[in-house]
Amino acid sequence: MLIEFLRKNVWASALLLLIRLYLGYTWISAGINKLSGESFNASGFLKGAVEKAAGDRPIVQGWWASFLEHVALPNASLFSVMVQWGEILVGVGLLVGCLTRTAVFFGIVMNMSFLLSGSISMNPIMIILSMFILVAYTNAGRFGLDYFLIHKLKLGKSQSSQNAASST
């Protein structure tokens, strides 16, 4: 019942728009702050996450710390760029409602990465709100560019099927 409401109801679209705008603003402001400040370098965060895997009560799981140590840290400059632009692109996608499900999916991936690295902050709340958008399917982008993209794709699909039918 809740899923059907989220996927079809216009009032749910309005609520999802508010959630989308909040999440989009949060993501884009984080990315712009990293981009506009002194050159952002994720290596400090990554080293801190690896350190949180040690001790009697580790916060970071060993397998994740191993990934960070052997893959992310040697490529910290690449990960720094990916975080900055990932946050900005997820934010823009959510603010304008373009490729909303794709943007929110990658937002969840980033939030989970931050959580696995031992950073709680707003990440759990952002994941929960993002799940509503993900479950809502196309209704989350009803008030955004997704609405026009979906109708354009449906129109193009129906015209191509009409052309195929008329050519036979």
Side-chain angles (χ1 to χ4, degrees), residues 1-7 12 15-141 144-146 149-150:
M1 186 164 154
L2 177 64
I3 292 175
E4 181 140 346
F5 171 75
L6 287 173
R7 288 187 174 180
L15 177 62
L16 292 164
L17 171 65
L18 295 175
I19 293 171
R20 246 186 41 224
L21 293 175
Y22 168 74
L23 290 172
Y25 173 79
T26 303
W27 279 117
I28 202 165
S29 62
I32 288 175
N33 286 339
K34 286 178 181 72
L35 194 63
S36 64
E38 292 182 27
S39 64
F40 172 71
N41 187 348
S43 62
F45 177 79
L46 296 170
K47 288 176 187 173
V50 170
E51 290 172 6
K52 291 177 185 177
D56 293 337
R57 302 178 100 191
I59 295 172
V60 175
Q61 296 292 311
W63 64 271
W64 184 253
S66 180
F67 166 77
L68 295 177
E69 187 174 17
H70 299 293
V71 176
L73 266 171
N75 300 298
S77 60
L78 173 63
F79 277 79
S80 298
V81 170
M82 287 172 46
V83 168
Q84 290 172 6
W85 286 103
E87 289 178 345
I88 291 170
L89 291 173
V90 166
V92 168
L94 291 172
L95 283 175
V96 300
C98 184
L99 302 174
T100 304
R101 289 185 306 144
T102 304
V104 83
F105 169 78
F106 284 108
I108 291 171
V109 169
M110 283 192 293
N111 280 134
M112 288 303 297
S113 298
F114 301 149
L115 278 173
L116 288 170
S117 299
S119 174
I120 300 295
S121 187
M122 289 291 294
N123 296 313
I125 294 168
M126 291 176 72
I127 289 172
I128 291 168
L129 292 174
S130 296
M131 292 303 291
F132 284 108
I133 293 173
L134 204 56
V135 167
Y137 199 58
T138 57
N139 203 28
L145 293 179
D146 280 348
L149 290 174
I150 289 168

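The analysis underlying the following values was restricted to heavy atoms, covering all of them including side chains, and did not include hydrogens, waters or symmetry mates. Here the structure is a predicted model, which means the values were calculated and not measured. Numbers for residues simply follow the sequence, beginning at 1.
The two atoms that bring A42 and S80 nearest to each other are N-OG, 2.8 Å, heavy atoms only. Contact detail for A65 and A53: the closest heavy-atom pair is CB-CB, 3.4 Å. What you find for A136 and L6 is that their closest heavy atoms are CB-O, 3.5 Å. Nearest heavy-atom pair, V104 versus S130, reported as atom, atom and distance to 0.1 Å: CG2-CB, 3.3 Å. Of all heavy-atom pairs spanning A76 and S43, the tightest one is CB-CB, 3.8 Å. The nearest pair of heavy atoms linking P74 to L68 is CD-O, 4.3 Å.
Expressed to the nearest 0.5 Å, how far CZ of F45 lies from OG of S113 amounts to 9.0 Å. If you take CD on Q84 and CG on N33, they are separated by 11.0 Å, rounding to the nearest 0.5 Å. Of the inter-residue distances, the one linking M82 atom CE with F106 atom CZ reads 9.5 Å to the nearest 0.5 angstrom. Note that CZ of F79 is 13.0 Å distant from CG of N41, once rounded to the nearest 0.5 Å. For the atom pair L89 CG and T102 OG1, the distance stands at 12.0 Å (nearest 0.5 Å). Atom CZ of R101 is separated from atom CG of L134 by 7.5 Å, given to the nearest 0.5 angstrom.
For F5, the CZ atom counts as densely surrounded, since its 6.0 Å shell holds more than 12 non-hydrogen atoms of other residues, nucleotides or ligands. Within a 6.0 Å sphere centred on CD1 of I3, other residues, nucleotides and ligands contribute 12 heavy atoms or fewer. Heavy-atom contacts from other residues, nucleotides or ligands closer than 6.0 Å to CZ of F67 number more than 12.
With R7 contributing its side chain and N139 its backbone, the two residues share no donor-acceptor pair below 3.5 Å. A donor-acceptor contact shorter than 3.5 Å links the side chain of T26 to the backbone of Y22. The closest donor-acceptor contact from the side chain of N123 to the backbone of F114 lies at 3.5 Å or more, if one exists at all. Remark: the backbone N or O of A140 is paired with a side-chain donor or acceptor of R20 at under 3.5 angstrom.
Contact check for T138 versus D146: no side-chain heavy atoms found under the 4.5 Å cut-off. When side chains are defined from C-beta on, L35 counts as touching W85, because their heavy atoms get closer than 4.5 Å. Contact check for N111 versus W27: side-chain heavy atoms found under the 4.5 Å cut-off. Between L21 and L95, some side-chain heavy-atom pair lies under the 4.5 Å cut-off. Annotation: side chain of L16 is not in contact with side chain of T100 (no heavy-atom distance under 4.5 Å). Looking at heavy atoms from C-beta onward, I108 lies in side-chain contact with M131 at the 4.5 angstrom threshold.
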Check against side-chain contact (heavy atoms from CB on, under 4.5 Å), I120 and L115: CA-CA 6 Å; I120 300 295; L115 278 173; 3.9 Å; yes

